[in-house]
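Start at 1 and go down the list; that is how both ligands and their atoms are numbered. Positions are given from 1 along the sequence. It should be emphasised that the depicted structure is a prediction, and the values quoted were computed from it without experimental measurement.
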Amino acid sequence: MTLKNPLDMHLHLRENPILKCVAPHSIRNFRAAVIMPNLVPPVCDLTRLKDYKTQILQADEDENFTPLMTLFFKDYDEKFLQNIKDEIFAIKLYPAGITTNSQAGVSSFELEKLKPVLNAMSELEIPLLVHGETNDFVMDREQNFAKIYELLAKNFPKLKIVMEHITTKTLCELLKDYENLYATLTLHHLMLTLDDVLGAKLNPHLFCKPIAKRYEDKEALCELAFSGYSKIMFGSDSAPHPREQKECCGCAAGIFSAPVILPLLAELFEAHSNLENLQKFISDNACQIYHFNFKKDKIISLEKQEWQVPSHYGELVPFMAGELLKFQIKNVD
Ligand code: DOR
Ligand code: ZN
(Lines give C-alpha, C1' and ligand atoms only; values in the text may rest on other atoms or scores of the structure.)
(Ligands and ions follow the chains in the order given, each with its own letter.)
Protein backbone atom coordinates (compact mmCIF):
# COMPACT_ATOMS: atom_id res chain seq x y z
CA MET A 1 0.00 0.00 0.00
CA THR A 2 1.39 3.43 -0.87
CA LEU A 3 0.32 6.89 0.21
CA LYS A 4 1.29 10.09 -1.56
CA ASN A 5 2.16 13.20 0.45
CA PRO A 6 0.46 12.42 3.77
CA LEU A 7 -0.54 15.61 5.59
CA ASP A 8 -1.16 16.08 9.29
CA MET A 9 -3.39 19.13 9.41
CA HIS A 10 -3.26 19.53 13.23
CA LEU A 11 -0.14 18.69 15.20
CA HIS A 12 1.42 19.62 18.55
CA LEU A 13 5.20 19.31 18.60
CA ARG A 14 5.99 21.33 21.79
CA GLU A 15 9.54 22.68 22.26
CA ASN A 16 12.81 20.98 23.15
CA PRO A 17 13.43 18.50 24.71
CA ILE A 18 10.02 16.95 23.87
CA LEU A 19 10.17 18.34 20.33
CA LYS A 20 13.35 16.35 19.61
CA CYS A 21 11.65 13.14 20.72
CA VAL A 22 8.32 13.55 18.92
CA ALA A 23 9.05 15.53 15.74
CA PRO A 24 10.91 12.79 13.82
CA HIS A 25 7.76 10.61 13.76
CA SER A 26 5.92 13.35 11.87
CA ILE A 27 8.79 14.80 9.86
CA ARG A 28 9.75 11.43 8.35
CA ASN A 29 6.31 10.14 7.51
CA PHE A 30 4.41 13.26 6.47
CA ARG A 31 4.95 15.71 3.65
CA ALA A 32 3.72 18.63 5.75
CA ALA A 33 2.01 19.35 9.05
CA VAL A 34 0.07 22.24 10.52
CA ILE A 35 1.88 23.19 13.73
CA MET A 36 -0.19 24.35 16.69
CA PRO A 37 0.88 27.57 18.46
CA ASN A 38 -0.18 26.80 22.07
CA LEU A 39 3.31 27.00 23.53
CA VAL A 40 4.19 28.83 26.74
CA PRO A 41 4.07 31.73 25.92
CA PRO A 42 1.96 31.24 22.77
CA VAL A 43 3.28 31.96 19.27
CA CYS A 44 2.06 35.53 18.71
CA ASP A 45 4.86 37.31 16.86
CA LEU A 46 7.22 36.83 13.97
CA THR A 47 10.39 36.35 16.03
CA ARG A 48 8.89 33.54 18.11
CA LEU A 49 7.34 31.96 15.03
CA LYS A 50 10.60 31.92 13.08
CA ASP A 51 12.54 30.64 16.06
CA TYR A 52 10.01 27.85 16.56
CA LYS A 53 10.13 26.89 12.88
CA THR A 54 13.93 26.66 13.06
CA GLN A 55 13.71 24.43 16.16
CA ILE A 56 11.32 22.13 14.26
CA LEU A 57 13.48 21.91 11.15
CA GLN A 58 16.51 21.13 13.30
CA ALA A 59 14.72 18.28 15.07
CA ASP A 60 15.30 15.93 12.12
CA GLU A 61 17.16 15.89 8.83
CA ASP A 62 14.43 15.20 6.31
CA GLU A 63 14.29 18.14 3.94
CA ASN A 64 11.09 16.96 2.31
CA PHE A 65 8.86 18.16 5.14
CA THR A 66 7.11 21.48 5.45
CA PRO A 67 6.01 22.81 8.82
CA LEU A 68 2.94 24.95 8.19
CA MET A 69 3.15 27.51 10.97
CA THR A 70 0.21 29.05 12.81
CA LEU A 71 -0.26 32.07 15.06
CA PHE A 72 -2.26 32.06 18.27
CA PHE A 73 -5.42 34.14 17.66
CA LYS A 74 -5.42 37.69 19.06
CA ASP A 75 -6.81 41.03 17.94
CA TYR A 76 -3.98 41.51 15.43
CA ASP A 77 -4.24 44.60 13.24
CA GLU A 78 -4.34 44.41 9.47
CA LYS A 79 -0.86 45.85 8.96
CA PHE A 80 0.70 43.22 11.19
CA LEU A 81 -1.14 40.45 9.33
CA GLN A 82 -0.11 41.84 5.98
CA ASN A 83 3.54 41.73 7.04
CA ILE A 84 3.40 38.23 8.48
CA LYS A 85 1.09 36.69 5.87
CA ASP A 86 3.77 34.87 3.90
CA GLU A 87 5.24 33.28 7.03
CA ILE A 88 2.03 31.73 8.32
CA PHE A 89 -0.41 29.15 7.11
CA ALA A 90 -3.31 30.02 9.40
CA ILE A 91 -4.40 31.46 12.75
CA LYS A 92 -5.67 29.18 15.52
CA LEU A 93 -8.43 30.39 17.81
CA TYR A 94 -8.86 28.93 21.30
CA PRO A 95 -11.63 29.92 23.69
CA ALA A 96 -9.83 31.14 26.85
CA GLY A 97 -8.88 28.32 29.22
CA ILE A 98 -10.62 25.57 27.24
CA THR A 99 -7.57 23.31 26.90
CA THR A 100 -3.77 23.09 27.35
CA ASN A 101 -2.07 26.53 27.33
CA SER A 102 -5.11 28.41 26.08
CA GLN A 103 -5.42 30.96 28.89
CA ALA A 104 -4.66 33.79 26.46
CA GLY A 105 -7.51 32.72 24.17
CA VAL A 106 -10.77 34.47 23.30
CA SER A 107 -13.09 35.23 26.23
CA SER A 108 -15.94 36.81 24.28
CA PHE A 109 -17.40 35.89 20.92
CA GLU A 110 -19.07 39.27 20.47
CA LEU A 111 -19.03 39.83 16.76
CA GLU A 112 -18.13 43.52 16.97
CA LYS A 113 -14.93 42.67 18.85
CA LEU A 114 -13.89 39.96 16.43
CA LYS A 115 -14.84 41.77 13.24
CA PRO A 116 -11.66 43.78 12.54
CA VAL A 117 -9.29 40.83 12.72
CA LEU A 118 -11.63 38.37 10.97
CA ASN A 119 -12.32 40.85 8.18
CA ALA A 120 -8.59 41.33 7.74
CA MET A 121 -8.05 37.56 7.65
CA SER A 122 -10.82 37.20 5.05
CA GLU A 123 -9.27 39.90 2.93
CA LEU A 124 -5.77 38.40 3.18
CA GLU A 125 -7.08 34.84 2.74
CA ILE A 126 -5.68 33.59 6.04
CA PRO A 127 -7.66 30.53 7.23
CA LEU A 128 -9.16 30.46 10.73
CA LEU A 129 -8.68 27.22 12.67
CA VAL A 130 -10.97 26.86 15.67
CA HIS A 131 -10.99 24.78 18.83
CA GLY A 132 -14.77 24.75 19.12
CA GLU A 133 -15.88 24.10 22.70
CA THR A 134 -17.93 26.15 25.16
CA ASN A 135 -17.64 25.96 28.95
CA ASP A 136 -20.80 23.90 29.37
CA PHE A 137 -21.24 20.31 30.56
CA VAL A 138 -18.34 18.38 29.07
CA MET A 139 -20.41 16.17 26.71
CA ASP A 140 -22.26 19.24 25.35
CA ARG A 141 -19.31 21.57 24.86
CA GLU A 142 -18.75 20.92 21.19
CA GLN A 143 -22.37 20.77 20.05
CA ASN A 144 -23.09 23.99 21.97
CA PHE A 145 -20.31 25.69 20.02
CA ALA A 146 -22.18 24.98 16.77
CA LYS A 147 -24.06 28.29 17.07
CA ILE A 148 -20.73 30.16 17.16
CA TYR A 149 -19.52 28.31 14.08
CA GLU A 150 -22.75 29.31 12.33
CA LEU A 151 -22.36 32.93 13.39
CA LEU A 152 -18.80 32.98 12.04
CA ALA A 153 -19.66 31.13 8.83
CA LYS A 154 -22.57 33.48 8.07
CA ASN A 155 -20.79 36.71 8.89
CA PHE A 156 -17.50 35.93 7.20
CA PRO A 157 -18.51 34.01 4.08
CA LYS A 158 -15.13 34.46 2.41
CA LEU A 159 -13.18 33.23 5.44
CA LYS A 160 -12.06 29.58 5.41
CA ILE A 161 -13.13 28.26 8.82
CA VAL A 162 -11.84 24.90 10.00
CA MET A 163 -13.67 23.13 12.81
CA GLU A 164 -10.77 21.33 14.44
CA HIS A 165 -10.89 17.75 15.71
CA ILE A 166 -14.65 17.32 15.45
CA THR A 167 -16.19 14.67 17.71
CA THR A 168 -19.97 14.96 17.31
CA LYS A 169 -22.68 14.04 14.84
CA THR A 170 -23.95 17.62 15.18
CA LEU A 171 -20.78 19.06 13.65
CA CYS A 172 -20.68 16.38 10.94
CA GLU A 173 -24.06 17.70 9.83
CA LEU A 174 -23.14 21.37 10.20
CA LEU A 175 -20.17 20.84 7.91
CA LYS A 176 -22.55 20.18 5.05
CA ASP A 177 -24.62 23.33 5.67
CA TYR A 178 -21.99 26.02 5.05
CA GLU A 179 -19.70 26.25 2.10
CA ASN A 180 -16.89 27.95 4.05
CA LEU A 181 -16.83 25.40 6.90
CA TYR A 182 -14.27 22.58 6.81
CA ALA A 183 -13.13 20.13 9.48
CA THR A 184 -10.23 18.07 10.70
CA LEU A 185 -10.66 14.67 12.27
CA THR A 186 -8.25 12.73 14.48
CA LEU A 187 -7.33 9.06 14.43
CA HIS A 188 -8.31 8.56 18.06
CA HIS A 189 -11.81 9.99 17.59
CA LEU A 190 -12.36 7.43 14.81
CA MET A 191 -11.57 4.70 17.33
CA LEU A 192 -12.75 5.78 20.78
CA THR A 193 -15.88 6.59 22.71
CA LEU A 194 -16.14 7.87 26.29
CA ASP A 195 -16.48 4.25 27.34
CA ASP A 196 -12.88 3.57 26.33
CA VAL A 197 -11.68 6.53 28.41
CA LEU A 198 -13.52 5.80 31.64
CA GLY A 199 -16.22 3.18 31.16
CA ALA A 200 -14.20 0.46 32.88
CA LYS A 201 -10.94 1.62 34.47
CA LEU A 202 -9.88 5.22 33.88
CA ASN A 203 -7.24 5.45 31.15
CA PRO A 204 -5.45 8.81 31.37
CA HIS A 205 -3.63 8.18 28.08
CA LEU A 206 -6.97 8.37 26.27
CA PHE A 207 -7.97 11.65 27.93
CA CYS A 208 -8.04 14.51 25.46
CA LYS A 209 -10.01 17.62 24.53
CA PRO A 210 -12.56 17.40 23.11
CA ILE A 211 -13.33 14.21 25.03
CA ALA A 212 -14.41 11.19 22.94
CA LYS A 213 -18.21 11.05 22.76
CA ARG A 214 -20.98 8.50 22.09
CA TYR A 215 -21.16 5.55 19.69
CA GLU A 216 -23.48 7.42 17.33
CA ASP A 217 -21.00 10.30 17.18
CA LYS A 218 -18.12 7.99 16.38
CA GLU A 219 -20.21 6.35 13.66
CA ALA A 220 -20.92 9.73 12.06
CA LEU A 221 -17.21 10.60 12.10
CA CYS A 222 -16.28 7.23 10.58
CA GLU A 223 -18.89 7.68 7.87
CA LEU A 224 -17.29 10.99 6.81
CA ALA A 225 -13.73 9.71 6.88
CA PHE A 226 -14.31 6.30 5.31
CA SER A 227 -16.38 7.79 2.48
CA GLY A 228 -13.55 10.21 1.63
CA TYR A 229 -15.88 13.20 2.09
CA SER A 230 -14.18 16.18 0.49
CA LYS A 231 -14.44 18.70 3.37
CA ILE A 232 -12.78 16.44 5.94
CA MET A 233 -9.02 16.46 6.44
CA PHE A 234 -6.88 14.30 8.67
CA GLY A 235 -5.43 16.19 11.65
CA SER A 236 -3.92 13.95 14.30
CA ASP A 237 -3.99 16.39 17.24
CA SER A 238 -1.09 14.28 18.48
CA ALA A 239 -0.44 16.06 21.78
CA PRO A 240 2.38 14.62 23.90
CA HIS A 241 2.61 15.16 27.66
CA PRO A 242 5.24 13.49 29.86
CA ARG A 243 4.02 10.41 31.71
CA GLU A 244 4.12 12.16 35.09
CA GLN A 245 1.63 14.74 33.77
CA LYS A 246 -0.69 12.02 32.46
CA GLU A 247 -0.58 9.45 35.26
CA CYS A 248 -1.50 11.81 38.07
CA CYS A 249 -4.30 13.77 39.65
CA GLY A 250 -4.96 16.65 37.26
CA CYS A 251 -4.03 14.64 34.15
CA ALA A 252 -3.17 16.83 31.14
CA ALA A 253 -5.40 16.47 28.06
CA GLY A 254 -3.74 15.01 24.98
CA ILE A 255 -3.06 11.75 23.15
CA PHE A 256 0.38 11.14 21.65
CA SER A 257 -0.54 9.33 18.44
CA ALA A 258 2.26 10.40 16.06
CA PRO A 259 4.17 7.06 16.08
CA VAL A 260 1.16 4.96 15.05
CA ILE A 261 -0.84 7.15 12.66
CA LEU A 262 -0.24 5.71 9.20
CA PRO A 263 -0.15 2.01 10.19
CA LEU A 264 -3.38 2.39 12.17
CA LEU A 265 -5.17 4.38 9.47
CA ALA A 266 -4.16 1.72 6.94
CA GLU A 267 -5.65 -0.94 9.19
CA LEU A 268 -8.89 1.00 9.72
CA PHE A 269 -9.38 1.87 6.07
CA GLU A 270 -8.58 -1.66 4.99
CA ALA A 271 -11.28 -2.96 7.29
CA HIS A 272 -13.96 -0.33 6.60
CA SER A 273 -13.22 1.45 3.36
CA ASN A 274 -10.54 1.48 0.68
CA LEU A 275 -7.16 2.89 -0.15
CA GLU A 276 -8.55 5.54 -2.49
CA ASN A 277 -10.55 7.11 0.32
CA LEU A 278 -7.58 6.95 2.68
CA GLN A 279 -5.55 8.89 0.12
CA LYS A 280 -8.33 11.53 0.01
CA PHE A 281 -8.53 11.73 3.80
CA ILE A 282 -4.78 11.83 4.43
CA SER A 283 -3.85 14.24 1.64
CA ASP A 284 -5.99 14.91 -1.44
CA ASN A 285 -8.84 16.70 0.33
CA ALA A 286 -6.47 19.15 2.03
CA CYS A 287 -4.54 19.65 -1.23
CA GLN A 288 -7.78 20.66 -2.93
CA ILE A 289 -9.03 22.86 -0.13
CA TYR A 290 -5.74 24.78 0.16
CA HIS A 291 -4.46 24.42 -3.42
CA PHE A 292 -1.23 22.79 -2.24
CA ASN A 293 1.24 21.96 -4.95
CA PHE A 294 4.36 20.29 -3.61
CA LYS A 295 7.53 20.59 -5.64
CA LYS A 296 8.77 17.23 -4.44
CA ASP A 297 6.46 14.37 -3.54
CA LYS A 298 6.85 12.05 -0.58
CA ILE A 299 5.69 8.48 -1.09
CA ILE A 300 5.14 6.22 1.90
CA SER A 301 4.93 2.46 1.42
CA LEU A 302 3.30 0.32 4.05
CA GLU A 303 3.45 -3.45 4.27
CA LYS A 304 1.42 -6.00 6.13
CA GLN A 305 3.74 -6.98 8.92
CA GLU A 306 2.82 -7.14 12.56
CA TRP A 307 4.69 -5.01 15.10
CA GLN A 308 4.21 -4.10 18.69
CA VAL A 309 3.86 -0.45 19.64
CA PRO A 310 6.57 0.39 22.22
CA SER A 311 5.38 0.93 25.79
CA HIS A 312 7.06 4.34 25.79
CA TYR A 313 9.28 6.71 23.86
CA GLY A 314 11.43 8.29 26.56
CA GLU A 315 8.97 9.74 29.03
CA LEU A 316 6.07 9.66 26.57
CA VAL A 317 3.46 6.91 26.37
CA PRO A 318 2.08 6.55 22.83
CA PHE A 319 -1.47 5.79 21.75
CA MET A 320 -1.94 1.97 21.59
CA ALA A 321 1.17 1.33 23.71
CA GLY A 322 1.97 -2.39 23.80
CA GLU A 323 -0.68 -3.27 21.18
CA LEU A 324 -0.05 -5.28 18.02
CA LEU A 325 -0.63 -3.41 14.74
CA LYS A 326 -1.04 -5.05 11.35
CA PHE A 327 0.78 -2.59 9.08
CA GLN A 328 4.29 -1.22 9.21
CA ILE A 329 5.97 1.59 7.32
CA LYS A 330 8.33 -0.10 4.89
CA ASN A 331 9.80 2.73 2.92
CA VAL A 332 9.74 6.50 2.51
CA ASP A 333 10.67 7.94 -0.86
O1 DOR B 1 -6.23 17.01 24.11
C2 DOR B 1 -5.77 18.08 23.72
N3 DOR B 1 -4.47 18.39 23.89
N4 DOR B 1 -6.58 18.96 23.15
C5 DOR B 1 -6.18 20.21 22.85
O6 DOR B 1 -6.97 20.96 22.36
C7 DOR B 1 -4.82 20.65 23.17
C8 DOR B 1 -3.89 19.52 23.25
C9 DOR B 1 -2.58 19.90 23.90
O10 DOR B 1 -1.98 20.89 23.49
O11 DOR B 1 -2.15 19.19 24.82
ZN1 ZN C 1 -4.80 20.37 19.27
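The proximity of C208 to ligand 1, defined as any non-hydrogen pair under 4.0 Å, involves the side chain as well as the backbone. Residue E164 does not touch ligand 1, judged by heavy-atom distances below 4.0 Å. At a heavy-atom distance under 4.0 Å, only side-chain atoms of H12, from C-beta outward, approach ligand 1. Here N101 has no heavy atoms under 4.0 Å from ligand 1, in either its backbone or its side chain. Contact annotation: for M36 versus ligand 1, there are no heavy atoms closer than 4.0 Å.
The protein heavy atom nearest to atom 3 (N) of ligand 1 is A253 O, 3.0 Å. Of all protein heavy atoms, the one closest to atom 4 (N) of ligand 1 is K209 O, 2.8 Å. Of all protein heavy atoms, the one lying nearest to atom 7 (C) of ligand 1 is T99 OG1, 3.2 Å.
Looking only at side-chain heavy atoms (C-beta outward), K304 and F327 come within less than 4.5 Å of each other. Proximity of H189 to K218: side-chain heavy atoms (C-beta onward) are nowhere separated by under 4.5 Å.
Using cut-offs of 30° and 60° on the angle between ring planes, the pair Y94 and F72 is parallel. Ring orientation note: the planes of F294 and F292 are tilted relative to one another, at an angle of 30° to 60°.
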For this session: Could you check I261 against N29 for side chain to side chain contact (heavy atoms under 4.5 Å, CB included), going step by step and ending with a plain yes or no?
Result: CA-CA 9 Å; I261 293 169; N29 300 326; over 6 Å; no
For this session: Verify ring-ring contact (aromatic ring centres under 6.0 Å, His included) between F256 and H205, making sure each step is shown before the conclusion.
Result: CA-CA 8 Å; F256 174 44; H205 298 290; over 10 Å; no
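On a distance-only criterion, G254 and ligand 1 share at least one N/O pair closer than 3.5 Å.
Listed by number with element, the atoms of ligand 1 under 4.0 Å from a non-hydrogen atom of N38 are 9 (C), 10 (O). Near A239, with a cut-off below 4.0 Å to any heavy atom, the atoms of ligand 1 are 3 (N), 8 (C), 9 (C), 11 (O). Atom numbering of ligand 1 starts at 1 in the shown order; those under 4.0 Å from a heavy atom of H131 are 6 (O).
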Enumerate donor-acceptor pairs with a distance under 3.5 Å from any side-chain N or O in residues 219-237 to protein atoms, sequence neighbours excluded.
{"residue": "S227", "atom": "OG", "partner": "E223", "partner atom": "O", "Å": "2.8"}
{"residue": "S227", "atom": "OG", "partner": "L224", "partner atom": "O", "Å": "3.1"}
{"residue": "K231", "atom": "NZ", "partner": "L175", "partner atom": "O", "Å": "2.9"}
{"residue": "K231", "atom": "NZ", "partner": "Y178", "partner atom": "O", "Å": "2.6"}
{"residue": "K231", "atom": "NZ", "partner": "L181", "partner atom": "O", "Å": "2.9"}
{"residue": "S236", "atom": "OG", "partner": "D8", "partner atom": "OD1", "Å": "3.4"}
{"residue": "S236", "atom": "OG", "partner": "D8", "partner atom": "OD2", "Å": "2.6"}
{"residue": "S236", "atom": "OG", "partner": "H10", "partner atom": "O", "Å": "3.4"}
{"residue": "S236", "atom": "OG", "partner": "S238", "partner atom": "N", "Å": "2.9"}
{"residue": "D237", "atom": "OD1", "partner": "H10", "partner atom": "NE2", "Å": "2.9"}
{"residue": "D237", "atom": "OD1", "partner": "H12", "partner atom": "NE2", "Å": "2.9"}

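Atoms CD1 and CD1, from I126 and I88 in turn, are 4.0 Å apart once rounded to the nearest 0.5 Å. One distance of note links CE of M320 with CG of L187; it measures 8.5 Å at 0.5 Å rounding. To the nearest 0.5 angstrom, D140 atom CG is 15.0 Å from F145 atom CZ.
Taking a cutoff of 4.0 Å between a charged side-chain nitrogen and a carboxylate oxygen, K115 and E112 qualify as a salt bridge.
For K160, the NZ atom counts as densely surrounded, since its 6.0 Å shell holds more than 12 non-hydrogen atoms of other residues, nucleotides or ligands.
The tally of protein N/O/S atoms under 2.8 Å from the Zn ion (ligand 2) stands at 3.
For H188, the heavy-atom gap to ligand 1 stays at 4.0 angstrom or more.
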